[in-house]
Amino acid sequence: MSEIFVDKDGLKKSIERLMEHCRVVGPVFRGQYHEFAQLKEVGELDLTYRNTRLSPKDLFHPHSDRMFTYTLAKDDPEAGILKEAPQDYSPRVVLGIRPCDARAFQLDDTNFVTEEFKDPWWVKRRESTTLVGLACNEPCGTCFCTTVGTGPFDEAGLDVLLVDVGDGYMARPVTEKGHRLLAEAGLTSPAPAEVKKKAEDLQKSAEQGLGKLFSVDAIAGQNSLELFNASFWDEVQFACINCGTCTFLCPTCWCFDIQDEVCGDKGDRLRLWDSCMFPLFTHHGSGHNPRSQKLQRVRQRFMHKLKYYQDKYHQGVACVGCGRCVQHCPVNIDIRQVAQLMSASCIC
Amino acid sequence: MLSAGFAGEGLAGWRGLGAIAASGPWRNEVENPYLPYPVRIESVVTETEDRNLKTFKLVFLNPEDEARFNYNPGQFAELSVAGLGEIPIGIASSPTEKGFLKFTVNKVGKVSSHLHNMCAGEIMGVRGPMGNWYPWELLEGKNVVIIGGGFAFTTLRSSIVYMLDPANRPRFGDISVVYGARSPGLLLYKDELAAWERRDDIQMHITVDGTDDPAWKYNIGFVPTVTKQKAPSSENAYAIICGPPIMIKFTLPVLTELGFPPDRIISSLEMRMKCGIGICGRCNIGTEYVCKDGPVFSLQKLAQLPNEY
Amino acid sequence: MADWEPRIVAFLCNWCSYGGADLAGVSRLQYPANIRIIRVPCSGRINPKFILAALRHGVDGVWVSGCHPGDCHYIEGNYYARRKFGLLKGLLEHMGIEPGRIQFSWISSAEATKFAETARTVVDRVKAIGPARHFIKRQAEVA
Amino acid sequence: MHAYTDKIREIARRLLSENRVDVVIGYRRGTVPFMNEPYLAKTPEQADRLHWDGFCGVNLANYLPRRTDRVGIVAKGCDSRNMVVQILENQIPRDHLYIIGAPCKGMLDRKKIAAELQGKEALTAEENDGKIQIQGKGFQVDLDRQAFLQENCAICIHRNPVIYDELAGDLVTEQMDVDRYADVRQVEAMTSEERWNHFDQLIHPCIRCYACRNACPQCYCPTCFVDESTPQWVGKTVDPTDTRTFHFLRAYHLAGRCTDCGACERACPVGIKVRQFTKKLEKDVLDLFGYEVGLSLEDRPPLDTFKPEDPESFIM
């Protein structure tokens, strides 16, 4: 690892340079909260942010996405035949993403990219994007990344990790892609030892405050059917109003719906975020619904994230501890508490 | 000058997706698993007297698509109608029948209702094949008991045609079939049923819940009852059962009584689906996606999963 | 723009306003051809979703007409409708739909002249506002 | 601790141990500042988990439709008005309810407080004497409670429960001289084009999560129009026309039924002021029909009744 140091002005200049050649996306403050958006000017970028309200999953899996287009014109020989809709896959740099969110993309990869099927939109967007992370010097009270196997300085899923060391940033290239990005952005001055030391100290203090709230392994060790039939779900589900807030804000909730829309004789096949919280999600054409009850849907969400995913892929839980659902659930259902119940490491 | 190559590089430099990297340079060549193969409706046959079930015979527009559509009895496909959407339907034809696919579709929702109004010659799409299939490797050399009810007979038809194919027939032992519907007019594939009835290499037990047709020459009674009466032997045998939940519920104890262990009772499940390839997330039962890890499960496997289907 | 002619959907109740339209036709009264009539059993049957659907399809105006108060075939359907429509029109206009885009009238089956006159007024008003710009569902604007 | 907490617990314990009700619906203390969780107490012991403070903004009436048991329920003024609507609409029988009235001084707006803190994170929040004491890492601030009320609470004129069986505290003085419709008039002063753009901006962040719909005690249709497919009234993407259609129809379905409890706005994860739609209807219902929602068990809901002399100036 050859860490680089760049002062804050220097980073801005490098970003401006990047912006001339590719799309640069970063956290900007819009209205009431931060969101990832393509930068129009470097001044929009706000690297002092805590985290974005919505996860950056929409960079790879937008809420609404055009998959195919087609014509229904009767006289057109191509009528009814679907064509892939054009998309912008030009090179893109995402700046300042938090390590938890970057880790989330790795977890999502297991879903979108399997041995048999590769989701082309996910893959092409992932491929054309370089992720430059920003370490969390001050995690929030709702963060629990270290509990679920990532951390405020985790490099997993990133190409470069930036650490804000006060007067500038230490940039650590993580991948070959990251190395090249730094080189081509003109960032070459090696970080002095005291900067590295500072970054290390920041990491220690950030991690210290986080601790471990429940055991992921304990949940893995539970019998799936016993967990499924556990009595605590009744209490967990009571407050839930079955809105899509948790699933839509979550960086590892990838479920989607596919819908056709027609306008005149032109049609689109679109995909859009869907949520296991919605009754229609599993509603059969026959009227039968295997998850017709709120309890079943709430249980599904937590079981999927914390148990099924572990059992299926053996790489931890499908949660990165970003805390968005904890902060924004309108009725204060707290995944940390649910996980504690599931791991039975506390008697609440 | 910035080359921007760092972000647009090929897969070689991209971690975590070894599987893709292994499949070679795919850019613009990768098969889009969501893209249906265009097909033409060759014929539409109304199967039942209530006109709620029609069989669509589909022919691929591009012969190379047909070559890629390699399937086994028990699999399903997404039927795609541009402008309306897709529905997952079991494949009713057998891979031994070349040149077309058959799907029998029940009219329930937006897409299936539209399909019912489509005619021969119209263009639609098929995406698949999807899911797993009846365990043909395990069934080799075994007796096969097929139990079906109502319109869930589609992939069972595929299986029967497949097994009766002269090239395949020697691979299986005795084949017996219990197939029931509410009334004679609601049975699917009536001509084929009659033809199978006349053969001696397949034991057919066709039944209806009731009928006032004096010419009805087959059984009368519910599928579980008829299964019990005909008592197909469980020795060296597998049972494949598809039908409405209530039929399955009452037939399973009969099969157990006949001596079929849970790992030799095979069933196929239905679930609301969208992508059909295990990605969109809605059709899971516990860890298993019905669209990709199913739809075919043994009773033994189902017993390990949450009862949520 | 010069040869633009508005498309207007008219929801007419079966018993009165539709009869009025019928009589206008039989009496050979002239009214503009911009009106597309949808016959409904009662003005009370008109769900706001119908009006929204019409706007989403891109019509330039919606005209709803039923029996005069007190004359409803179902005794009081139009009284309920009147309350619904008042609020509906208010909210639509509050959200930026131009006043005049959505119009309401009471026309009996004997009022052929009034039907033709009102049709002209409806069309003139919509013409004055111009082509519909809002609430039209086009190809989805997605990322 | 708020005095109501003790009283609510005492009442709940009594109701449950005397078998007057099967369950009590209230709040328990949240896991994060500014939040409490709706809670269902089934035993007298569980009643001791009930809690009250200025962050009980969730409208508990939302948990009533389709319940068949006897329910004790904590109700602020707005919650009780929603219960009135539900009783009128036959969603819950009055005699299944034991309403524990909680005269209310307004609920606090966590989004407003967060905005005031400008990115600093609150770790604890306590209410005391009209102040909210907030502590975070390396800071402490006292905020004036009145300035951080939910917007609907700031203009509320029915803080006392309308129907109740018992009170958790003394009735409060109702606010007078509040301007309930300033925001509506502000929009009314705009041209059509300005209005259209105003609402475009307003709903631009919508992610179609339906939190506004689901938080609403009055949204209990077995199948929402959003989920109807034959015909499909509205697309499900974030296309602006579809988003607008959703918000329009959602609001319209609440015409004459909305109590301005603010549950929708409070629930919105992206901070859309969705009350701007329903407020207009509320104002019109009052202006046209002289009706205020949820105040009386006798009067029929305004769209379920009529007067021959109802205003019809809008009819040609």
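Note on naming: letters A, B, ... go to the chains in the order of the sequence lines (proteins, then strands), and numbering restarts at 1 for each one. Nothing here was measured: the structure is a model prediction, and the numbers come from that model.
- Heavy atoms of D/Tyr210 lying under 4.5 Å from chain A belong to its backbone as well as its side chain.
- Residue D/Asn59 does not touch chain A at all, counting heavy-atom pairs closer than 4.5 Å.
- A/Phe238 is listed as a side-chain neighbour of D/Pro38, based on a closest heavy-atom distance under 4.5 Å.
- Among D/Ala267, D/Pro269, D/Ala215, the residue with the largest count of heavy-atom pairs under 4.5 Å with chain A is D/Pro269.
- Remark: the backbone N or O of D/Gly271 is paired with a side-chain donor or acceptor of A/Gln32 at under 3.5 angstrom.
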Take A/Trp273 and D/Val238 through the test side chain to side chain contact (heavy atoms under 4.5 Å, CB included) and record every step on the way to the result.
-> CA-CA 10 Å; A/Trp273 293 351; D/Val238 287; over 6 Å; no
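- The neighbour count for D/His204 NE2, taken as heavy atoms of other residues, nucleotides or ligands under 6.0 Å away, does not exceed 12.
- With a 4.5 angstrom heavy-atom cutoff, D/Leu123 touches chain A only via side-chain atoms.
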Which is it for D/Arg49 and A/Glu235 under the salt bridge (Lys or Arg N to Asp or Glu O under 4.0 Å) test, yes or no, and what are the steps along the way?
-> CA-CA 13 Å; D/Arg49 296 190 199 166; A/Glu235 190 172 318; 3.2 Å; yes
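- Within the 4.5 Å cutoff, side-chain heavy atoms of A/Arg336 are placed close to those of D/Val32.
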Dump the intermediate steps for side chain to side chain contact (heavy atoms under 4.5 Å, CB included) on A/Asp234 and D/Lys42, then the final yes or no.
-> CA-CA 11 Å; A/Asp234 190 41; D/Lys42 293 178 175 170; 2.5 Å; yes
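- Residue contact with chain A, scored on non-hydrogen atoms closer than 4.5 Å, involves the side chain of D/Val58 exclusively.
- Interface remark: D/Tyr39 contributes backbone and side-chain atoms alike to the contact with chain A (heavy atom separation under 4.5 Å).
- Interatomic distance, A/Arg50 CZ to D/Glu121 CD, rounded to the nearest 0.5 Å: 5.0 Å.
- A donor-acceptor pair is defined here as one N or O able to donate and one able to accept, closer than 3.5 Å; no such pair exists between the side chain of D/Glu37 and the backbone of A/Ala239.
- Atom-to-atom distance recorded for D/Phe34:CZ and A/Gln327:CD is 11.5 Å, nearest 0.5 angstrom.
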Verdict with reasoning, D/Gln232 to A/Gln259, per side chain to side chain contact (heavy atoms under 4.5 Å, CB included) | CA-CA 11 Å; D/Gln232 186 169 350; A/Gln259 294 261 322; 3.2 Å; yes
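- To the nearest 0.5 Å, the span separating CE on D/Met35 from NE2 on A/His328 amounts to 10.0 Å.
- With a 4.5 Å cut-off on non-hydrogen atoms, D/Asp227 touches chain A through its backbone and its side chain both.
- Comparing A/Thr245, A/Val326, A/Asp257 by heavy-atom pairs within less than 4.5 Å of chain D, the highest count is held by A/Thr245.
- Contacts of A/Tyr49 with chain D are absent, with no heavy-atom separation under 4.5 Å from either backbone or side chain.
- No side-chain donor-acceptor contact under 3.5 Å links A/His63 to the backbone of D/Thr237.
- A salt bridge does not link D/Lys236 with A/Glu261: none of the charged nitrogens is closer than 4.0 Å to a carboxylate oxygen.
- Of the two parts of D/Leu60, neither the backbone nor the side chain holds a non-hydrogen atom closer than 4.5 Å to a non-hydrogen atom of chain A.
- With a 4.5 angstrom heavy-atom cutoff, A/Cys240 touches chain D only via backbone atoms.
- A salt bridge is defined here as a Lys NZ or Arg NE, NH1 or NH2 lying under 4.0 Å from an Asp or Glu carboxylate O, and A/Asp274 with D/Arg208 fails to meet this definition.
- For the atom pair CD1 of D/Ile207 and CG of A/Leu54, the computed distance is 4.5 Å after rounding to the nearest 0.5 Å.
- To the nearest 0.5 Å, atoms CG (A/Leu280) and OG (D/Ser229) are separated by 8.0 Å.
- Note that CG of A/Leu272 is 11.5 Å distant from CG of D/Asp239, once rounded to the nearest 0.5 Å.
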Let me see the working for A/Val331 and D/Asn36 under side chain to side chain contact (heavy atoms under 4.5 Å, CB included), right down to the final yes or no.
-> CA-CA 7 Å; A/Val331 294; D/Asn36 291 315; over 6 Å; no
So D/Thr31 and A/Asn332, side-chain hydrogen bond (donor to acceptor under 3.5 Å, both in side chains) or not? Walk me through it.
-> CA-CA 7 Å; D/Thr31 60; A/Asn332 189 222; 3.1 Å; yes
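- Contact of D/Ala115 with chain A is not made at all, since no heavy-atom distance falls under 4.5 Å.
- For a residue to count as touching a neighbouring chain, one of its non-hydrogen atoms must lie under 4.5 Å from one of that chain's; by this rule A/Thr142 touches chain D with backbone and side chain alike.
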